[in-house]
Amino acid sequence: MTSTTIAPPKVRQTKMLIGGQWRESQGGKSFATINPVNETVIAQVPDGNAADVDAAVKAARTAFESGPWHTMDARDRGRLMNKLADLMESNLDELAGLETLDNGKPISDSKAADLPLAVDCLRYYAGWADKLTGDTIPVRGNYFCYTRREPVGVAGQIIPWNFPILMAAWKWGPALAAGCTVVMKPAEQTPLSCLRMAELAQEAGFPDGVINVVTGDGKTGAAIVKHPGVDKIAFTGHYETAQKIMVDAAGTLKRLTFELGGKSPNVVFADADLDAAVAGAEFGLFFNQGQCCCAGSRLFVEQSIYEKFVEKVVARAKTRHLGDPFDTQTTQGPQVDHDQFTKIMSYIDKGKSEGAQCLTGGRRFGEKGFFIEPTVFGNVTDNMSIARDEIFGPVLSILPFKDANEIIERANSTYYGLAAAVWTRDVAKAHKFAASVRAGTVWINCYDVFDAAAPFGGFKMSGMGRECGEIALSNYTELKTVTMSLT
Ligand code: NAI
Ligand code: MG
């Protein structure tokens, strides 16, 4: 492939969308969103305060109750969602460019993964808008009993910076299909693509107040969580933030769904297709600079193939192409911000000091920006920090294992339970692993396969509830039982 550098897009929208109006913060404050490649300011964005959140919630409430939104024919809601998906597709280059500019992810990934998945997700849920049916229920006595699935109301949606557009689509899709209105807060590191997406929603013809976007940091998020006019919170991010959200939401007993982190086991048996497993080990961890909730960050390799396999994984990690994310050949960009960079580098230091073997990488790449070399640690043991904590960066921990008997217990010895993978040609072994591992998603002989129709979410401290698929609609609906006397 020849290398081409794509020009970053012009940033067209930096204000917040509240009730159909593009606004600055009522507090007059703003914050900078930083380019992770060179640490320069891309744009100033309003720092939304409690008054801005209140205005957004009121707009969302009005749109919900008299908007019209949930009283609009469901099929017309679906049409609007499809129109937004079409507009995102026709502006794909610009949106992908914004994602790369703000987040630092390679443009080839933004274009081939983030955007198509987001568009597909909106279309998938657009198709559900007119299919939310209830049941007729046989009850004792002379009654007619049926259920209705009604929208939960105003949804507060707080998303992270690792897949900004995709996370917005995962949250808007089921909420809008169900007839909810939304107040979204994108992450402070990456607000730009969500603002542009909201502008496209306006162009598509969504009524004012159906989609509101308030920019800001954790304070803004907390104001959404505490607001009595918000019926439900959907959050993706760190479990410690989810714990704060549970406390803040307790006063108003909001419905909560969480998609949190992981320390996912990626298990390679000796009978696997080793080249495919090597590719899956690399992609499963290094994709998106390692900033994936489901990253295969504990790579368990069966003892008998350990040396050979590790050598191949290290060789493959060394072929990763770091550099300007707008270069189409780049496969690894910078980490999203200084905090993440520092956190990851501190884990690399811990890995070294706790006695793991640093087989490649382990250093900053370049002098500018938040680049980190693809790093592989060998002979990692279960109790080391790099085997226990979510690093959220390009740091792979490889752990040898003896046989199928010990692997389940070791794979499950984590407080997380988001994803897991197993590589083997033995069908029974694969399904036994899939049934025994405590994780919300299991990949067999593949990694990071996502689909809007396939539920995703975590066991244990990796989350509550599921996103994607039919089940995510229930996050945004209340079930109502209606009973009528037939006498
Ligand atoms: P975070 O959980 O603090 O931030 C995620 C979102 O929550 C952002 O929009 C943020 O503004 C908002 N937020 C922060 N505090 C809040 C509060 N008290 N109430 C309401 N909203 C609040 O995650 P952060 O600090 O960006 O990253 C820290 C670590 O979290 C990462 O190193 C990684 O381990 C993990 N993480 C996991 C993600 C996932 O996909 N599961 C995504 C991002 C981070
Ligand atoms: Mg934080």
Side-chain angles (χ1 to χ4, degrees), residues 31 33-34 36 45 47-50 53 102-103 105 114 156-168 170-171 183-191 193-194 213-227 230 233-250 254 256-264 287-295 297 335-347 370 372 385-386 388-395 414-419 440-441 448 450 456-458 460-465 467-468:
F31 65 93
T33 178
I34 304 290
V45 174
D47 188 8
N49 64 14
V53 166
D102 225 5
N103 169 283
K105 63 175 70 199
D114 299 65
Q157 305 186 315
I158 299 169
I159 57 172
W161 42 262
N162 53 343
F163 295 95
I165 287 184
L166 185 59
M167 290 303 101
W170 279 22
K171 298 231 174 344
V183 176
M184 169 160 283
K185 194 198 80 61
E188 55 271 36
Q189 295 86 347
T190 56
S193 58
C194 181
V213 179
V214 183
T215 48
D217 60 11
K219 290 187 307 293
T220 317
I224 297 174
V225 175
K226 288 177 188 158
H227 199 293
V230 173
I233 295 290
F235 166 77
T236 300
H238 199 272
Y239 73 82
E240 286 172 355
T241 311
Q243 290 169 330
K244 288 185 197 149
I245 290 175
M246 278 187 127
V247 171
D248 284 343
K254 289 182 173 62
L256 299 174
T257 42
F258 293 144
E259 201 265 278
L260 311 173
K263 194 71 192 175
S264 299
F287 174 61
N288 209 38
Q289 294 66 248
Q291 302 167 142
C292 295
C293 49
C294 53
S297 51
Q335 308 309 127
V336 76
D337 69 5
H338 188 262
D339 282 0
Q340 293 299 312
F341 174 86
T342 310
K343 171 183 167 183
I344 297 160
M345 291 308 293
S346 82
Y347 274 107
F370 309 122
I372 297 178
S385 310
I386 57 169
R388 304 195 67 81
D389 301 345
E390 180 174 59
I391 301 175
F392 228 63
V395 182
T414 164
Y415 48 87
Y416 287 117
L418 191 59
T441 288
D448 273 351
F450 281 92
F456 182 78
K460 299 191 265 183
M461 285 178 75
S462 287
M464 262 169 54
E467 296 193 289
C468 299

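Each ligand, and each atom within it, is numbered from 1 in the order the structure gives. Everything quoted here is computed from the prediction, not taken from an experiment. Heads up: numbering here begins at 1 and tracks the sequence.
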Mind telling me whether W170 and F450 have parallel, tilted or perpendicular rings, with 30° and 60° as the class edges?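 Ring orientation of F450 relative to W170: tilted.
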What orientation do F341 and F370 show, parallel under 30°, tilted 30 to 60°, or perpendicular over 60°?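 Tilted: the ring planes of F341 and F370 meet at 30° to 60°.
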Find all atoms of ligand 1 within a distance of less than 4.0 Å from any non-hydrogen atom belonging to [X], and give their numbers and elements.
{"X": "L260", "answer": "41 (N)"}
{"X": "E390", "answer": "33 (C), 34 (O), 35 (C)"}
{"X": "P160", "answer": "42 (C), 43 (C)"}
{"X": "K343", "answer": "29 (C), 31 (C), 32 (O), 33 (C), 34 (O)"}
{"X": "D217", "answer": "11 (O)"}
{"X": "G261", "answer": "41 (N)"}
{"X": "G221", "answer": "19 (N), 20 (C), 21 (N)"}
{"X": "I158", "answer": "6 (C), 7 (O), 9 (O), 12 (C), 20 (C), 21 (N)"}

If I take atom [atom1] from residue [X] and atom [atom2] from residue [Y], how far apart are they, to the nearest 0.5 angstrom?
{"X": "M461", "Y": "L260", "atom1": "CE", "atom2": "CG", "result": "8.0 Å"}
{"X": "M345", "Y": "I372", "atom1": "CE", "atom2": "CD1", "result": "5.5 Å"}
{"X": "K105", "Y": "T190", "atom1": "NZ", "atom2": "OG1", "result": "9.0 Å"}

Tell me which part of F235 gets within contact of ligand 1: side chain, backbone, both or neither, using heavy atoms under 4.0 Å.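 Looking at F235 and ligand 1, just side chain atoms fall under 4.0 Å.
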Part of I391 within contact of ligand 1 (heavy atoms, under 4.0 Å):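 For I391, no heavy atom sits under 4.0 Å from ligand 1.
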Would you say K244 has any N or O atom under 3.5 Å from an N or O of ligand 1, going by distance alone?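 Between K244 and ligand 1 (N or O atoms, distance only) the closest approach is not under 3.5 Å.
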Taking atom types as modelled, is there a side-chain donor on K263 or S462 under 3.5 Å from an acceptor on the other?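 The criterion, which ignores hydrogens and geometry beyond distance, is not satisfied for S462 and K263.
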Modelled atom types, side-chain donor and acceptor of Q291 and Q340, under 3.5 Å: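 Absent: no donor and acceptor within the cut-off.
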Give a yes/no verdict on whether any heavy atom in W161 is under 4.0 Å from an atom of ligand 1.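 Under 4.0 Å: yes for W161.
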Looking at side-chain heavy atoms only, is the closest gap between Y347 and V395 below 4.5 Å?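 No - every pair of side-chain heavy atoms lies 4.5 Å or more apart.
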Do the side chains of F258 and Y239 get nearer than 4.5 Å, heavy atoms only?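 Side-chain contact under 4.5 Å: no.
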Shortest reach to atom 11 (O) of ligand 1 by a heavy atom, considering only E188, K263, Q291: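 Selected option, by shortest heavy-atom distance: E188.
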